[in-house]
Amino acid sequence: MMKPVIEELLNRIWMIIGAVSIRIKIMGIVIIGTLLLSVTLALQMRASVTNLMEQQLESRGVSITRDLAARATDDILVNDLFALRQLLLETRTNNPDVIYAFVIDPKGNILAHTFGEGFPYGLANVNPVAGDQHHQTFLYSDGQDMVWDIAVPIFNGRAGTARVGLTGSVITRNVLMLTSQVLLTTVVALAIGLIAAALLVYVISRPISELVTATRSVATGDFTPRIRSWANDEIGELSEAFNAMTAELARSDEIRSEREDLRRQLLEGVISTQENERRRISRELHDSTAQNLTSLIVGLKNMDTICDSPIIHAQAQDLRNITGRVLDDVHNIAFQLHPTALDDLGLPAAIERLVHEWQKRHQISADSVVHLGDQRLPENIETALYRIIQEALTNVAKHADAHNVSVLVERRENEVVAVVEDDGKGMQPTNLSRGRLGVAGMRERAELLGGKMTIESTPGAGMSLFFQIPIPQLEGGNLENPNPAGG
Ligand SMILES: Nc1ncnc2c1ncn2[C@@H]1O[C@H](COP(=O)(O)OP(=O)(O)O)[C@@H](O)[C@H]1O
Ligand SMILES: [Mg+2]
């Protein structure tokens with residue numbers, strides 16, 4: 001029952017302490033520590049000094065009164081009241097602490113006193129002392145200070161009693177002075193403590209804030225900041241460890257970017273080799289195989305005309321049909337490998353043909369809008385865009401279950417934007433798993449050219465692929481192929 005309450009309380013306190021800055025924590029400790037120390041010190045000193053001074057005052061009072069009692073004996077015995085009063089006045093003058101002195105006879109009558117007008121009512125009876133007593137002290141307050149009233153019997157009480165009152169005003173004054181001195185010392189100690197604390201805060205927090213700034217820049221990928229080592233302490237060690245860490249990070253970042261460069265180069269090489277090879281095979285199919293097949297068809301037709309045999313006629317017809325179909329296939333394969341339209345007529349015509357063929361083959365409605373202006377794009381960008389759109393359309397046919405697809409390719413100021421949008425079932429992000437190279441390949445192609453790909457997909461509501469590829473601006477506005485990935 002009690003434990004959770006205490007825990008809760010500690011948590012609260014820690015939350016408050018934890019929320020303030022180191023500066024306030026350290027300053028707070030110094031202030032609280034100093035104040036606690038001085039208050040304890042002041043109270044203890046007051047107590048012991050007061051005690052000591054009270055004892056001293058009392059023993060002085062006793063010896064004054066005893067002295068008075070001894071000297072008063074003769075005057076009382078001869079009944080010289082005038083001399084007795086002189087003795088009392090003298091006692092008071094010689095001792096500044098004595099505020100009054102008087103003598104009473106054994107019956108309680110006042111023989112002499114130092115009070116000017118009237119004797120305070122009742123004072124005579126408050127401190128009775130027996131004849132066999134050494135002395136008797138009665139302590140009372142006169143409204144301002146304490147008063148020590150000391151009674152000593154004269155001639156064993158037979159001649160009466162001597163009474164002296166001593167004021168504690170000296171004690172009050174001294175204790176007040178002592179307290180104010182302690183207070184002054186506290187202020188001075190506090191000032192020195194605060195200066196020392198401020199110095200400490202500076203020494204601690206400066207390297208820490210440097211560390212924070214440096215850590216922030218490391219978080220943004222800048223590994224250059226190094227921390228000055230201020231001292232050889234824990235913070236110095238931390239700074240050194242930080243510097244070692246950033247140096248290591250910088251080194252591995254360098255290795256990583258070297259590897260990345262190498263990977264890019266390799267990829268560019270692979271893509272360009274693949275593209276060249278495809279183009280070569282496509283040309284070969286187109287120029288040689290297709291030509292030969294055409295010659296074959298012409299030969300079969302000639303053979304057919306020269307020969308009268310109906311069997312040969314029928315067979316020649318068959319062979320011509322087969323050859324025609326093979327020729328179509330060869331054209332198709334050649335087109336898919338590398339459309340000559342891309343080289344000869346440019347990207348708009350190639351895309352138009354691609355979309356048209358795709359629509360025919362898959363029976364899905366597709367439209368394309370290509371605005372590229374008069375100037376042709378660099379060859380590597382044309383090839384990349386063509387391949388990207390080809391893969392995007394393949395994916396739509398394979399995965400989307402779409403009814404409509406639209407392709408948009410548009411040149412904006414310094415970049416070309418391509419969008420392939422379908423109204424199919426959309427893509428689950430989990431489908432972009434390892435081993436699937438289509439989407440990754442599209443992104444890679446765009447990134448190799450300094451561009452980027454964005455996927456927008458809502459399951460059940462189709463998918464859009466956005467590509468942005470910057471167009472390199474060469475001097476004189478002459479757009480040439482700076483990096484022939486397409487050969
Ligand atoms: N247009 C699309 N509509 C729906 N899902 C798609 C679409 N395009 C790609 N996907 C999903 O993304 C996955 C990854 O595509 P991709 O990388 O091209 O690999 P692959 O075509 O070989 O499966 C596909 O398996 C498919 O689930
Ligand atoms: Mg695919």
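In what follows, every heavy atom counts, from backbone to side chain, and hydrogens, waters and symmetry copies are set aside. Here the structure is a predicted model, which means the values were calculated and not measured.
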*asked:* Looking at Ile471, is its backbone amide N or carbonyl O close enough to the side chain of Gln473 to form a donor-acceptor pair, meaning the two atoms are under 3.5 Å apart?
replied: yes

* Asked: Do Asp422 and His403 meet the criterion of a side-chain donor-acceptor pair at a distance under 3.5 Å?
  -> no

Using the rule given for side chain to side chain contact (heavy atoms under 4.5 Å, CB included), can you reason through His371 versus Val409, listing the C-alpha separation, both sets of side-chain angles and the distance that settles it, and then say yes or no?
CA-CA 6 Å; His371 293 301; Val409 182; over 6 Å; no

| Counting only heavy atoms not in Lys301, do more than 12 fall under 6.0 Å of its NZ? | no

Next on the checklist: Donor-acceptor check, side chain of Thr458 to backbone of Ala461, threshold 3.5 angstrom: yes or no?
Outcome noted: no

Of Glu421, Glu456, Met427, the one forming a side-chain contact (heavy atoms from CB on, under 4.5 Å) with Met463 is Met427

Tell me whether Arg216 at atom CZ has more than 12 heavy atoms from other residues, nucleotides or ligands lying less than 6.0 Å away. no

Side chains of Thr172 and Asp145: donor-acceptor distance under 3.5 Å anywhere? yes

Looking at Glu415, I'd like to know if its CD atom is crowded, meaning that more than 12 non-hydrogen atoms belonging to other residues, nucleotides or ligands lie closer than 6.0 Å. yes

In this structure, CD of Gln291 is separated from CD of Glu284 (nearest 0.5 Å) by 11.5 Å

Margin query: Given 3.5 Å as the limit, does a donor-acceptor pair link the side chain of Asp304 with the main chain of Ala316, or not?
Written below: no

Polar side chain donor-acceptor pair, Thr246 to Arg226, under 3.5 angstrom: yes

From the list Glu260, Glu254, Arg256, side-chain contact (heavy atoms from CB on, under 4.5 Å) with Glu258 holds only for Glu254

Between Arg12 and Glu8, is the closest basic N to carboxylate O distance under 4.0 Å? yes

Taking atom types as modelled, is there a side-chain donor on Asp222 or Thr220 under 3.5 Å from an acceptor on the other?
no

For this session: State whether the number of non-hydrogen atoms from other residues, nucleotides or ligands found under 6.0 Å of Asp308 atom CG is greater than 12.
Result: no

Under 3.5 Å, is there a donor-acceptor pair linking the side chains of Arg46 and Thr179? yes

One should read off an interatomic distance between Lys25 NZ and Ile204 CD1, to the nearest 0.5 angstrom, of 11.0 Å

Rounding to 0.5 Å, atoms CD (Gln468) and CE (Met453) come to a distance of 12.0 Å

Can you confirm whether Ile13 is buried at CD1, in the sense that more than 12 heavy atoms of other residues, nucleotides or ligands lie under 6.0 Å from that atom?
yes

- prompt: So, are Glu277 and Arg279 salt-bridged, with charged N and O less than 4.0 Å apart?
  reply: no

- Side-chain donor-acceptor contact under 3.5 Å, Asp367 with Ser406: no

Original post:
Counting only heavy atoms not in Gln315, do more than 12 sit closer than 6.0 Å to its CD atom?
Top reply: no

Q) Got Trp358 and Val405 here, is their nearest side-chain heavy-atom distance under 4.5 Å? A) yes

Practice problem: Return yes when atom CZ of Arg278 has more than 12 non-hydrogen atoms of other residues, nucleotides or ligands closer than 6.0 Å, and no otherwise. | Solution: yes

CG (Leu347) and CD1 (Ile351) are apart, to the nearest 0.5 Å, by 3.5 Å

Heavy atoms of Leu57 and Gly168 approach each other most closely as CD2-CA, 4.2 Å

Checking side-chain polar atoms at under 3.5 Å, does Thr137 have a donor or acceptor matched by the opposite partner on Glu58?
yes

**Q.** NZ/NE/NH1/NH2 to OD/OE distance under 4.0 Å, Lys452 and Glu447
**A.** no

Arg23 side-chain N/O to Ala198 backbone N/O, donor-acceptor pair under 3.5 Å: no

Test side-chain contact (heavy atoms from CB on, under 4.5 Å), reference Glu382, set Asp343, Leu377, Val416, output is Leu377

